[in-house]
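The next block holds one structure in the form of C-alpha cells; read it before the comments.
Chain identifiers are assigned alphabetically (A, B, ...) following the order of the sequence lines, protein sequences preceding nucleic acid strands; residue numbering begins at 1 within each chain.
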Amino acid sequence: MRVLVVGNGPVAHRFVGALSARGHTDITVLGSSRGRNRALVPEVLAGKLSWSDTVLPPWPEGVRVRAGVSVVEVDRRRRLVRTDCGRVHRYDVLVLATGMRHDLTTVGGGVPSALLAGFAGGQRERSVPAVVLGGGVDGVRAAVALCSSGRRVNLVYRQHLPMAGRIGDGGGRHLESVLRERGVELWPHREAVGGDGRTVVLDDGERIDGVGLSCAPPVPNTALARAAGLRVGTGVVVDDRLRTSDPCVYAIGGCAEHVGCAVGDPVAGRRQAATLAAWLSGSERSYRGTPRVSRISTGGVDLTVLGPDAEGVSGEVETVFYRDAARGRYAELVLRDERLVRATMLGLPRGSAAVTQLFDGDRPVPRERLALLLGVPARGDGAVDAHGDNVVCDCNGVTEGQLELAWLEGARDVTALASRTRAGTGCGGCADEVRRLCALFTAPEESVWSVNSS
Amino acid sequence: MGTEHGSDVSGVDTHCPYCALQCGTRMWDTGGGVSVRPRDFPVNRGGLCRKGWTAPEVLRAGDRLRQPWVRNTRGVLARSDWDSALDRVGKELRRIMAAHGPDAVGVFGGGGLTNEKAYLLGKFARLALGTRQIDYNGRFCMAAAATAGKAAFGLDRGLPFPVTDLAQAEVILLAGANPAETMPPLMRHLEDPELIVIDPRRTATARRARLHLQPVPGTDLTLALGMLHVVVTEGWLEERYVRERTVGFRQVYRSVVHWPPERVERVTGVSAAEQREAVGLLARAERSYVLTGRGAEQHSGGTDTVAAFIDLALALGLPGTPGNGYGCLTGQGNGQGGREHGQKADQLPGYRSITDPHARAEVAKVWGIAPEELPGPGSSAYELLDGLGTSGGARALLVFGSNPVVSAPRSAHVERRLEALDLLVVADFVPSETAEMADVVLPVTQWAEEEGTMTNLEGRVLRRREVLPPPGEARSDLEVLHGLAVRLGQDPARFPTHAPSVFDELARASAGGPADYSGITYQRLDAGEQLHWPCPETDRSPHPGTRRLFLDAFAHEDGKARFVVVEPRGPGETAESAEMLWATTGREAAHYQSGAQTRRVDELVETSPEGTVSVHPDTARRHGLVEGGRARVSSARGSVSLRVRLDSGMRPDTVFLPFHHAGAARANLITNPVLDPRSRMPEFKVAAVWVEPLVEEAG
C-alpha cells in the first residue's frame with residue numbers, strides 16, 4: 001500500500017511514526033517547508049528554546065521525506081498528486097495533514113526574528129519590546145511567554161477583555177488583572193492598521209514601540225482539498241475513520257473537521273494520527289472526537305479552558321464557582337450529570353491537571369469539589385482510617401494500648417518499649433510518638449503539655 | 001560501618017530471609033525453634049519490619065514440607081522418600097529428553113535462592129540437562145531496570161553506592177517505589193532527605209513526601225520526559241558533566257523538547273507546575289538521587305521508562321558523582337545475586353552474556369566442557385511458562401524457589417499450561433500453590449537451616465548461616481541438584497553440595513565478568529569485611545570490593561554513560577469506556593511476594609487475611625461498593641474476587657490489588673502478560689478493568 005502524506009508537521013510526524021511502527025514501509029511525505037512543532041513557539045518566545053529546536057525529530061528510517069515542495073494538485077481519479085516542481089506522486093491512500101495557517105508575522109508581513117530568536121538570541125534581541133496582536137488564547141499565551149523572557153509586552157485586542165469570547169466576562173476580568181500584574185500592557189478595543197517592524201500603529205492612531213506579532217486565530221489549510229473537490233466546511237470534513245468524502249483520502253490534524261469541529265489542538269491531532277495509523281493497519285478503532293482544551297501554563301500564568309465557548313452551554317446544568325482574587329485564583333465549572341461540560345480555571349495549576357483529565361476521559365467529578373479545584377487530597381469521605389485502634393507503629397502493628405501495657409510491665413524507656421513491643425523498629429517513623437507516649441506514661445500531668453504531639 | 005560476627009554464645013549473625021535490603025539480624029536457637037532480633041547493621045541500623053521479626057514462624061509452619069511427595073497412580077500426592085522421588089524425576093527427565101530433546105525440559109528459578117543455589121541451578125540446566133530453557137521469577141521483578149541500567153552505564157548493580165549514602169542526600173526522587181511499606185527499615189536512611197514520590201497511589205511513602213506526583217498508571221515514562229524537558233529548557237542541565245561523562249545527549253534533546261510539561265500534564269494528570277517544582281527541588285539540591293522501583297519498571301515499556309529516569313538523572317549530572325546517583329531498589333532477597341549467576345535465560349555466571357563467545361569459553365573452562373556444549377539463550381519467564389506443554393515448549397518443568405501460579409501474570413492461563421506438562425517438579429519448603437500442582441514435591445531447607453550467601457540491593461555479598469537442623473528429611477537445594485545430576489549420568493564431583501565449595505567455584509566462574517566475585521571468600525565475609533562486587537582476585541593484597549561504582553568512569557569501553565532516546569508507547573491496553581478503571585498491583589506491608597511464606601505466619605495473616613481491592617470512596621459509591629463488601633474485578637484475562645477497602649488516597653480512576661493472595665483472590669488473574677520488548681518484563685502495573693459488587697453467598 002502506497003501511503004502519501006501531504007504535510008510534514010507534528011501530526012504527520014506522529015502518523016508516520018505510528019504507521020511505520022506497525023510495519024508499513026511504502027510511505028512518502030511531502031512538505032512545503034521544514035517540519036516544525038508549532039506548539040513549541042511559546043517556549044521560543046519565552047527564550048527557553050531556540051527556533052531551530054522546533055524542528056521535528058528524525059523521521060522513521062525508510063520513509064521518503066521531501067521538504068520544500070508544495071502540492072499544487074490532487075488528481076483523485078488517477079490517484080496522484082502533482083508538486084510545484086513538476087513531480088508526480090501516486091498513492092493508494094492519501095493523507096492530508098496540511099495543518100492550519102499560523103502566521104508568525106509582524107504587521108508588515110516579515111518574520112519577527114527578534115522575537116523568535118529565543119534561547120539563541122543575544123541581549124539586543126531579548127530587549128526588543130513586543131506588540132502582540134490578538135486577544136485569543138494564542139495571543140495571550142504569546143504575550144505571557146514573551147513577558148517571562150523579560151521584555152516589555154503589549155497586547156492589542158478588539159474585544160473589551162482578553163479571551164472574552166472563550167471565558168466570558170467573569171474570567172476575562174480576572175485574566176485582565178492577572179496580565180496587568182505580570183506587566184503586560186493591555187490595549188483593548190483596538191487593532192493594528194500598520195507598522196514598520198519597530199513600531200505598530202493602532203486604529204485609533206496610537207503608535208506603540210515594538211515588534212508586532214500577529215496572533216490571529218489560526219485557519220485550517222483547506223485550499224488543496226477544496227480544489228480537489230473534497231467536502232470542506234471550516235476544515236476538510238472527515239468521518240469517524242478520518243475519511244474525507246473520497247474513501248481513498250483522509251485528513252488529520254488542524255486541517256480536518258470532525259463532527260463540525262475543527263480544532264488546532266495538538267492533542268486532537270495526535271489522537272487522530274494514532275487512530276488513522278491503527279485503522280490503516282486493520283484495527284477497528286474509530287475516532288470519537290477530542291474534548292476541546294485551551295491551556296496556558298507559562299510565565300507564571302496558569303489558565304485552563306475546557307469545552308465550548310462561554311456562551312455555548314445551555315440546558316440543565318450545575319455550576320461550581322470559586323474566586324479568590326487576592327491569590328489570583330478563579331474557577332468556574334459547569335457540570336451535567338456530574339460530568340464536566342465546560343470549565344475555566346485560572347491560577348489553580350494542580351486542580352487544572354485533574355479537571356482536564358476528568359474532562360478528557362468523560363469521568364464523573366469527585367464529591368469533594370473544593371479539593372479537586374485546589375488539587376489537594378480529599379478528606380476521608382467514607383474511607384475507614386487505615387490505622388484502626390490507635391496504631392502507633394504501622395510497620396509492626398503496635399497500638400498505644402500495647403505500649404502502655406508494656407510500660408506497666410516494666411519497659412520504662414524507648415529502647416525497652418521497642419524491645420518488648422517492636423514499636424519503632426520498622427521504618428522508625430513513629431520514634432517521636434513512642435517517646436512522647438513513654439513520657440506521658442511516666443509523668444502524665446506534666447508531659448501532656450510540654451511535648452508537641454504529631 | 002557494621003561488622004559481621006560468626007557464631008558465639010549470644011547467637012548467630014545472619015540476615016532476614018525476605019527482601020533485598022537483607023537486614024542484619026541475630027538469631028538464637030530456642031530449642032525447637034529460633035528467635036531473631038535486629039542488629040546494628042548498615043542497611044537497617046537496628047530496624048526490622050514485621051515480616052522479619054516473624055520470619056522464624058515459617059521455619060516451623062504447621063504444613064512445612066518434611067519429606068518428598070510423589071503423585072501416585074490415583075493422581076494424589078503421597079508421601080515418598082528421596083530415592084524414589086529422585087529416581088522418578090530422573091527417569092521421567094531421561095524419557096522426555098530422549099523423545100523430545102533437552103529443550104523439552106524447563107527450569108524456573110527464583111530471586112530468593114542463595115547465590116550458590118542460583119549458580120548451581122544454572123549449571124545444572126546447561127550441563128546436566130543441556131537445556132536452553134531456564135529463567136526465573138526475577139524476570140518479573142528486576143529485568144527492566146537491569147536492561148536499562150546496563151544500556152546506560154554498561155553495568156547493572158541495583159544501587160551503585162551503599163544504602164547509607166542516601167541519608168546524606170538533600171532530595172530523593174522515588175519513581176514507583178513504596179519503601180515505607182515494602183522495605184520499612186530503608187526509611188531510616190530517608191528521614192532527612194526531602195522526598196519526591198511518583199506513585200498513582202497516595203502510599204505510606206507518598207504521605208511522607210515533600211511532593212507527591214500522582215500520575216495515571218502507565219504514564220511514568222511521559223512524566224519523566226516532561227521533567228527532562230524542564231531540565232533542558234529551564235537552565236538545569238549540567239552541561240559540563242553531560243559533555244565530559246556522557247554520549248547521546250543531542251539526540252535526546254532533539255526528542256525531549258517536544259514534550260513540554262503542558263503536553264505531559266494532559267497524559268499523566270501531573271500538573272506542569274508540579275513537574276517544574278519536582279525538577280527545581282532535585283536540581284537545586286547539592287546531593288540528590290533518582291531511585292526507581294517496580295512501579296516504574298513493571299510495564300510493557302518498563303525498560304524505556306527506567307531509561308527516561310536515567311536520562312533525567314544524567315541531565316542533572318547525578319550518576320557517578322559523589323553524593324548523588326541513580327539506583328534501582330531491588331525487590332527480592334537475592335534479586336541482585338539471583339540475576340548474576342546464570343539462572344537467567346540469556347546469562348552465564350559473573351553477569352555475562354550467554355551469546356558472548358569469550359564468556360562462553362571462560363565458563364566452559366571452569367565447568368570442564370567445550371564451549372559448543374553450552375546451550376544458547378532460552379525464552380524469558382512468561383514465554384517459558386506460556387509455552388509449557390505446547391509443541392516446541394517444555395514438557396517438564398523444574399521449579400526452585402518460586403510460586404508462578406500466584407506470581408506470574410495471567411495466572412489462570414499459567415495454571416492451565418502447568419496442567420499440560422508431563423512432569424512438574426517443585427522444590428520448596430512449604431506446599432505453595434505451585435507445589436500443590438506438582439507431580440513430585442521436594443522438601444528443601446530455608447534460611448536458618450543452611451549456609452550460603454546473598455547479594456543485597458547495593459551489591460554487597462552477605463553470609464547466611466545455619467542454626468537449626470532441617471525438619472524431617474528436608475535437604476538443601478544443592479543436594480537436590482546433586483542427586484538429580486547424578487541420576488542424569490553426571491560426574492558427582494561436578495555438583496558439590498557443600499555451600500562454600502559451590503561459592504568458590506562460582507567465584508572462579510565469575511572471574512573477569514562484570515559481577516566479579518573471584519576475590520570474595522567465606523573467610524573474608526566471616527571476618528566481617530564489607531565486600532561489594534566487583535571484587536576480583538588479585539596477586540597482591542586482597543581487593544577491597546567496590547562500594548561506589550562509576551566515580552571515575554562508567555563501564556562502557558569509552559567510560560561514558562549513554563543517553564537513550566525513548567518515546568512513550570502507552571500501556572498494552574486502553575480503557576474502552578469511561579466506566580472502566582485502571583488496576584495496578586503491588587505489595588503491602590504484611591506480606592512478601594506470592595505470600596507462600598507470609599500467609600503461614602499468624603500475626604501477618606491477622607493483619608492482612610485476604611485479597612483486597614483499594615477503591616476511592618467516590619468510585620466505590622458509583623460502582624455500588626462498600627467498605628468491607630466484596631467486589632469482582634475483571635479484565636480481558638479473567639476475574640478476581642476481593643474485599644473492598646475504601647481509600648481516599650487512590651485516584652478515582654484507579655484501583656489497587658495486592659498480589660500476595662491465592663485462589664480466586666489472585667491479583668494476577670487479571671494482569672496483562674504483554675511483554676516489554678527489551679527486557680521481557682510483563683505489564684503487572686496496569687490493566688483496564690471492570691469493577692462490580694459481588695453478593696456474598698450465605699453460609
Residues forming a salt bridge (Lys or Arg N to Asp or Glu O under 4.0 Å) with Asp653(B), sequence neighbours excluded: Arg651(B)
- prompt: Any side-chain heavy-atom pair from His13(A) and His258(B) closer than 4.5 angstrom?
  reply: no
task: Measure distances from Asn396(A) to the heavy atoms of chain B and classify the residue's part below 4.5 Å as side chain, backbone, both or neither.
output: both
field: Minimum side-chain heavy-atom gap Arg350(A)-Glu277(B) below 4.5 Å
entry: yes
field: Side chain / backbone / both / neither for Met580(B) at chain A, heavy atoms under 4.5 Å
entry: backbone
- request: May I ask you to name which of Glu234(B), Lys51(B), Arg263(B) has the most heavy-atom pairs under 4.5 Å with chain A?
  value: Arg263(B)
- prompt: Side-chain contact, heavy-atom cut-off 4.5 Å: Ser419(A) with Arg37(B)?
  reply: yes
field: Heavy-atom pair count under 4.5 Å with chain A, highest-scoring of Met187(B), Arg254(B), Arg202(B)
entry: Arg254(B)
task: Could you look at Val55(A) and say if it's the side chain, the backbone, both or neither that has a heavy atom under 4.5 Å from chain B?
output: both
- request: Check for a donor-acceptor pair, side chain of Arg188(B) on one end and backbone N or O of Thr425(A) on the other, with a separation under 3.5 Å.
  value: yes
query: So do the side chains of Arg276(B) and Pro349(A) get within less than 4.5 Å of each other, counting heavy atoms only?
result: no
task: Kindly indicate whether the side chain of Pro364(A), heavy atoms from C-beta on, has any atom under 4.5 Å from the side chain of Arg622(B).
output: yes
- prompt: Hey, does the side chain of Arg363(A) reach the backbone of Glu579(B) with a donor-acceptor pair shorter than 3.5 angstrom?
  reply: no
